[in-house]
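Keep in mind that what you see is a predicted model, and the values were worked out from it rather than measured. Both ligands and their constituent atoms are indexed starting at 1 by order of listing. For the numbers below, each heavy atom of this structure counts, side chains included, while hydrogens, waters and symmetry mates do not.
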Amino acid sequence: MFKVNQDYLKLPGSYLFSTIAKKVNDFQTANPDKKIIRLGIGDVTQPLCPTVIKALHDAVDEMAAADTFKGYAPDLGYSFLRDTIVDKVYKPLGAEVFADEVFVSDGAKSDSGNIQEIFEKDVKIAVCDPVYPVYVDTNVMAGRTGTYDPDTGLWSDVIYMPCTAANGYAPELPSEVPDVIYLCFPNNPTGATITKSQLQDWVDYANKNGSVIIYDAAYEAYISEADVPHSIYECEGARTCAIEIRSFSKNAGFTGTRLGYTVIPKDIKDDNGVTLNSLWARRHGTKFNGAPYIIQRAGEAVFSEAGQKETGEQIAYYMKNAAYIKNGLAEAGYTVSGGVNAPYIWLKTPDGMTSWDFFDYLLENANVVGTPGSGFGPSGEGHFRLTAFGTYENTVEAIDRIKAL
Ligand SMILES: *Cc1c(COP(=O)(O)O)cnc(C)c1O
C-alpha cells in the first residue's frame, strides 16, 4: 500500500480562513436578514485598472495571429518584464539588481512557499510571530520544523521572533542564529514596518552569520512614510544575503490574474560557491513553465505612467479605508496600529478577550468579520486584524457599527 507524505499530516488543524468561512456561513444561515460586512480576508475588490485591461486585450489579440502567437513562455520570465522590473522598481531606489536575477512567477504565495526547497533539509528557519502562515506550513511539509506543541502552538525546530506591543510589532535579532530568516514588511498581519536602518541591522546580522533573509515585500506599494525601505536592496550588503519576493496582487489587483517575481542576487553563495540563483533557475526550469504571456504584458503595463497613476489611485482608495478604520477604532477607545504603510489594521482586543472570542463578539453584535490574531501565531493572541480592501461604504458602515457597540 502507498504511504502519504507523513510531513503533511503534521500540519495542525484546519486552515484559518476555512474556519472563519464556516463560522460566517453558519451565522448567516441562522440570521438570513443580517448584512455581514467582511473586513477579514486579504483580497482586493477594485477591478483591474483600464491600462492593465487594455494590455490584456492587446496581448489576447496577439495570440490570435500566427505571426504574434506565443507558446510556452520562457520559464524565468520574458525579458520585457524582467528588464522593466529592474528599470522601474530597482533603479529608482539606487538598488543594484540585474534582469537575470529576477524570476517571474505566478505569485508570491507560491514563491514564498517554494523557496525553502533550495535549502538543505536541516536548515533552521526563523519567523516572526505572528506570521503569514505560508512560511511555516511549507517548511512543515518539507519536514524541517520538528514537533508541534498544541499547547503553545509552536514547532520545536523553528526560531520564533515575537512581534508584540512591547517591541512595536518589530522582531528583534534572534540570539540563536537561524540559517534562513523570513521577514515581511510592510507586515501581514500587523501592518507594521521597520526603518531602513533597522533593516540594515538585519542585513548586517545575516552577512555576519551566514544567514539568508527571505524578504516578502508584497505590500511595498502601500508605504507612505519616508524612512520605510521599499526594497531590502536599499541596504548595503543585501546582495550577499537577501532574496526579495514581490507580487502584483496587492499593488495592482492581480490576485485573480496571478503574477509575481522573486529576486535572487548571484552574490548569495554557499561555502562551496554554489549560488542560490542557479538552484532557483534549475528549480524553475524543472517545475515551472512560465507565467502566461498575456499576464506578463499586463504586469509590464502596471509600470507605465498611466498604470502607475491608476494603480496608485486604487491604493489611495484602500488607504482611505485604512485611515477610517484606524481613526474610528481609536476614537472608540481601541488600541490600534498598522494602517499607515499597509492595508492592515492590527488592534488589541478589549477587556483581555481572546482573539476568537472577539471574532464571535464582532460577528454576532456588529455582523463584521475580521481575522483573529491568534490564527497567525501565539503572539497574535489578544489581537485582531481588519483589512482595508472593502468598499469605502461598507468600511464606513462596519466601523460605525463597531463604534456603536
Ligand atoms: C497577499 C500576500 C502575498 C501575495 O500572494 P500572491 O500569491 O502574489 O497573490 C504574499 N505575501 C504576503 C505576506 C501576502 O499577504
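Under the 4.5 Å side-chain criterion, counting only non-hydrogen atoms from C-beta, E234 is in contact with K196. Within the 4.5 Å cutoff, side-chain heavy atoms of P174 are placed close to those of Y205. Looking only at side-chain heavy atoms (C-beta outward), Q116 and V123 stay at 4.5 Å or farther from each other.
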Just list the side-chain donor-acceptor pairs under 3.5 Å for residues 373-382, sequence neighbours left out, or say none.
unit_1, atom_1, unit_2, atom_2, d
S379, OG, D129, OD2, 2.7
E381, OE1, S355, N, 2.7
E381, OE1, S355, OG, 3.1

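Enumerated by chain and number, the residues approaching ligand 1 to less than 4.0 Å through a heavy atom are G107, A108, K109, Y132, Y135, C184, N188, D216, A218, Y219, S247, S249, K250, R258.
Legend: residues meeting salt bridge (Lys or Arg N to Asp or Glu O under 4.0 Å) with K54, ordered by chain and number and at least two apart, are D58. Every residue meeting the salt bridge (Lys or Arg N to Asp or Glu O under 4.0 Å) condition with D7, not counting sequence neighbours, appears here in chain and number order: K10.
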